[in-house]
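Below is one structure, written out as structure tokens; the observations come after it.
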Amino acid sequence: MTPSLEPISELKLEGITKRFPGVLACDGISLQVRRGEVLALVGENGAGKTTLMNIIMGLYRPDSGSIHVNGEEVHFHSPGDAYARGIGMVHQHFMLVPNMTVAENLALGLKELHHFMNLDIKGAAKRIREVSERYELPVNPDAYIWQLSVGEQQRVELVKTLCLGARLLILDEPTSALTPQETDDLIVRLQRMASELAIIFISHKLNEVKALSDRVSILRHGAVVFNGQTANHEPSELAALMTGHDVVLPRNEGSGIQGEALLSVQNLCVRGDRGNLVLDGLSLELRAGEVLGMAGVSGNGQREFADALAGLRPVESGQILFGGKDLANRTPREIIHAGMGYVPEDRQTEGIVPSFSVKDNLILKDFAEPRFSKMAFLRKKEIDSNAEVLKERFDIRCPSTSTATGSLSGGNIQKVILAREISRGPKALVAVYPTRGIDMGAQEFIHEQLLARRREGIGILLISEELEEVMNLSDRIAVIYKGKILKVLPAVEATRERLGILMAGLADPDSPGDEQAEVPAGVVHE
Amino acid sequence: MNRNKILYSGAIILAVTFIAALLVALVLYSIGASPLATYKTILTGPLSDLFGVTEVLVRSVPLMLVALGIAISFRSGILNIGAEGQIQMGVIASTAMALAMPHAPKAILLPAALMAGALAGAVWGGIAGWLKAKLQVNEILSTVMLNYIAAQVYTFLLRGPMLDPNELETGSGTPQSMRLPEMAFLDTLVPGTRIHMGLILALVAALLVWMLLWKTTLGYRMRTAGAGAKAARYAGIPVERYLIVAMLMAGGFAGLAGAVEVSGVHHRAIEGISSGYGFAGIVVALFGALHPGGIVPSAVFFGILLIGADMTQRSASVPANMVLVLQGVIILSIVSAQSFLRNPYAQERFFRWFGKFSSSARKAGKGAQS
Ligand SMILES: Nc1ncnc2c1ncn2[C@@H]1O[C@H](COP(=O)(O)OP(=O)(O)OP(=O)(O)O)[C@@H](O)[C@H]1O
Ligand SMILES: [Mg+2]
């Protein structure tokens with residue numbers, strides 16, 4: 001459909017090496033992928049996956065090595081060149097213009113639609129319909145991007161890439177921002193598409209890799225350390241190959257000793273970005289020394305709840321009692337001082353200042369504490385040594401702690417935030433999707449850290465869509481639905497099925513009557 | 001890593017200057033002047049004798065002070081286009097202060113006059129900061145409007161209440177204030193020239209601004225507010241408050257520049273005293289990469305341009321306004337280069353290209369590292 005010389009049937013990389021100041025991001029990587037095949041690329045945070053893909057797309061030039069399409073060596077200077085040979089990429093962060101429609105977003109990238117003084121939006125819409133029918137990827141060309149959920153935007157990115165003529169798809173962590181339902185849906189669609197296309201699939205979730213891919217390659221420190229047929233290897237085996245040791249995600253053994261109520265939220269009402277009531281009388285209690293998991297389909301008020309707890313969103317009515325004080329509508333400063341920690345969902349612009357160095361981001365909340373400042377002057381030595389210690393302890397992969405945080409790999413940015421929030425020693429910690437985009441080894445470590453803090457007696461509110469994670473770590477699980485807590489149940493009684501039904505807003509199938517006592521006031525049974 | 005960054009910014013700024021110079025050369029050529037001769041006069045003329053050098057420094061003092069303030073405001077995320085008005089307010093206040101206490105000793109009068117200037121500038125800048133923080137008024141609009149108001153107030157005062165009575169009785173009616181008492185003068189550094197203590201003041205200010213921004217918690221707060229407002233709020237930094245603080249400081253430096261011009265150079269308030277320093281200061285700040293260490297040389301460089309332009313006007317009949325054209329072109333080039341500076345892919349390309357010179361060294365290191 002689009003100017004490609006001949007449909008791509010094979011992509012081959014030979015000895016790709018790429019060095020950044022202070023890091024060897026790719027170290028002699030050779031790979032091959034053919035039509036009709038899904039190659040999964042896995043590896044620790046900072047292993048060089050995204051960099052390698054950016055090299056294929058012509059965004060970076062390799063220091064050495066060569067790229068071959070259908071046996072012929074190519075030199076791409078821009079993504080346009082890669083698209084011309086049928087290679088397209090969906091990036092880790094979406095690249096859509098929010099206040100434009102789907103069709104307009106496509107038209108931006110398609111030169112043939114640009115006629116003199118006239119942009120052929122209808123042509124773009126037509127092409128979108130063709131592609132979305134052919135690959136069974138339903139999208140509405142006239143919808144505005146900002147109206148779409150993350151999952152739908154993901155689908156738009158896919159359709160856009162296909163419309164631009166890609167027959168080899170590179171998907172960089174396409175599922176990290178999706179709900180479990182959206183993820184399953186995407187995997188099924190990709191499986192269907194795989195017969196006609198070639199796909200390179202990057203993910204930290206090894207069960208997805210298992211479900212979708214034919215072959216898997218593992219990167220470590222920029223080098224391929226393993227190639228194999230996916231069918232022959234279990235996810236746990238892959239995890240061990242990836243990290244160099246067996247990965248055992250720790251479980252909350254639940255001693256059952258919980259402290260007194262630490263945080264008590266009563267009848268909280270909060271408005272969302274569009275002015276509607278997103279939290280509508282939410283009540284919840286977090287005790288000292290427990291992990292309270294909050295399960296729910298994203299968009300049911302989780303983000304707004306976390307924002308309100310951190311003082312970043314006005315509270316319409318209701319109370320947030322923390323250590324005997326009502327923190328509703330207090331400033332973030334007061335809330336931080338009261339001992340609340342917060343790992344926000346948006347790590348790129350909220351959790352860090354991208355242009356600041358790693359060490360400066362690690363003191364973002366504590367720079368004014370006596371530990372890091374004296375008489376209004378920053379104590380450089382303390383700041384440096386703090387950064388070195390945390391870098392070591394949390395295994396943050398960066399050339400040095402003076403590197404700009406924004407240039408770190410996605411997972412390592414997340415580690416910077418977690419290192420700061422956990423090491424500050426808060427009384428309560430609100431963690432939203434804390435392990436999104438983090439590799440298996442780091443996930444194990446983060447989980448251990450959270451459980452260790454729990455043993456020390458801090459209360460942790462864990463907001464996550466990963467049922468696995470919630471069930472592993474929590475003492476109790478609260479299910480949020482449409483801005484209310486539908487039910488709070490002990491983690492030992494939770495099963496995937498039962499949570500799934502609750503998250504869909506349906507009545508609890510096996511709710512014994514005596515559990516009412518567990519449920520705080522204001523809970524609605526539907 | 002850091003060395004690389006400085007290298008990179010330096011190379012970009014040199015490239016920007018070069019492109020700007022080429023564009024202006026085109027303009028010069030089109031008005032029938034010889035670009036080479038003009039550039040030669042501009043760049044070498046001012047430095048050919050001691051007097052020229054001191055005049056360059058005289059010009060660089062207000063540029064430095066204004067640019068330091070601009071750097072504080074830009075770093076804190078607010079674009080101060082209002083230095084021109086803040087300078088004028090500083091001139092009025094310091095003149096009024098000096099004239100109000102004609103018999104005070106120098107140790108009191110001089111600091112009081114300078115402080116008054118800084119304070120008035122701070123208030124004028126603070127208004128824009130307050131409007132932005134409390135009412136979300138775009139600071140570019142408000143500072144430009146405040147420039148107009150300041151210009152009118154300035155003209156009114158110099159032609160009315162503050163007009164030198166002697167001018168009315170015996171003089172030509174030139175709109176200017178009375179001469180300041182000598183106790184309010186900044187001392188001359190080199191006898192027989194106009195270079196004054198203000199230069200030392202500006203250099204000390206540069207050091208203080210560097211310490212403020214990079215060594216203190218206040219500077220950390222301000223830079224965080226500027227570099228990532230969302231993250232700053234998340235970390236408990238009240239971004240709005242620091243917008244106001246930044247504008248108070250930026251205005252204060254501009255007001256101080258006005259006061260220094262009065263007590264160091266003109267010794268009275270005259271019309272056109274700011275002669276565009278408020279806008280040139282923006283270029284100086286950007287050209288100096290919003291860093292005191294860059295602003296000091298950059299201010300001297302623009303001092304050379306200003307004096308040089310005067311010379312070409314006389315020698316090569318090229319209008320001195322060409323410097324304004326050059327400033328405009330440099331702003332445009334720097335702003336476009338900024339997007340380049342921030343793009344990691346472009347950075348990578350630069351280092352690739354640059355790395356070719358040292359590729360053999362890299363290969364030697366490669367075996368050692370892996
Ligand atoms: N533009 C850049 N400048 C300097 N270093 C970079 C740049 N881009 C990436 N790096 C470094 O290269 C290494 C590989 O990064 P990359 O983003 O490819 O990792 P990744 O495998 O995609 O990790 P993740 O799973 O966390 O996304 C990291 O150490 C990173 O800090
Ligand atoms: Mg990546």
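Every chain is numbered from 1, with letters handed out A, B, ... down the list of sequences. Predicted model only: the values in this text are computed from it and were never measured.
Neither the backbone nor the side chain of Arg347(A) comes within contact range of chain B, judged by heavy atoms closer than 4.5 Å. Contact of Thr331(A) with chain B is not made at all, since no heavy-atom distance falls under 4.5 Å. Both the backbone and the side chain of Leu364(A) come within less than 4.5 Å of a heavy atom of chain B. For Gln348(A), no part lies under 4.5 angstrom from a heavy atom of chain B. Heavy atoms closer than 4.5 Å to chain B are found in both the backbone and the side chain of Leu59(A). Tyr342(A) touches chain B through backbone and side chain together, each having a heavy atom under 4.5 Å away. Heavy-atom distances place both the backbone and the side chain of Phe377(A) under 4.5 Å from chain B.
With hydrogens and angles ignored, the 3.5 Å screen pairs a side-chain donor or acceptor of Tyr220(B) with a backbone N or O of Asp360(A).
Rounded to the nearest 0.5 Å, atoms CD1 (Ile237(B)) and CZ (Phe367(A)) are 4.0 Å apart. Rounded to the nearest 0.5 Å, atoms CZ (Arg223(B)) and OG (Ser355(A)) are 9.0 Å apart.
Interface check for chain B: of the options Ala310(A), Pro344(A), Ser373(A), the most heavy-atom pairs under 4.5 Å are formed by Pro344(A). Comparing Asn54(A), Asp366(A), Ile335(A) by how many heavy-atom pairs each has under 4.5 Å with chain B, the most go to Asn54(A). Comparing Glu350(A), Glu334(A), Arg333(A), His221(A) by heavy-atom pairs within less than 4.5 Å of chain B, the highest count is held by Glu350(A). Between chain A and the options Pro238(B), Ala231(B), Gly219(B), the largest number of non-hydrogen pairs under 4.5 Å is found for Ala231(B). The most heavy-atom pairs under 4.5 Å with chain A, out of Gly228(B), Ala232(B), Ala227(B), come from Ala227(B). Between chain A and the residues Thr224(B), Thr217(B), Leu212(B), the most heavy-atom pairs under 4.5 angstrom are made by Thr217(B).
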Side chain to side chain contact (heavy atoms under 4.5 Å, CB included) evaluation trace for Tyr234(B) with Asp346(A): CA-CA 11 Å; Tyr234(B) 155 84; Asp346(A) 173 2; over 6 Å; no

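Under the 4.5 Å side-chain criterion, counting only non-hydrogen atoms from C-beta, Thr349(A) is in contact with Lys230(B).
Trp214(B) CH2: more than 12 foreign heavy atoms inside a 6.0 Å radius.
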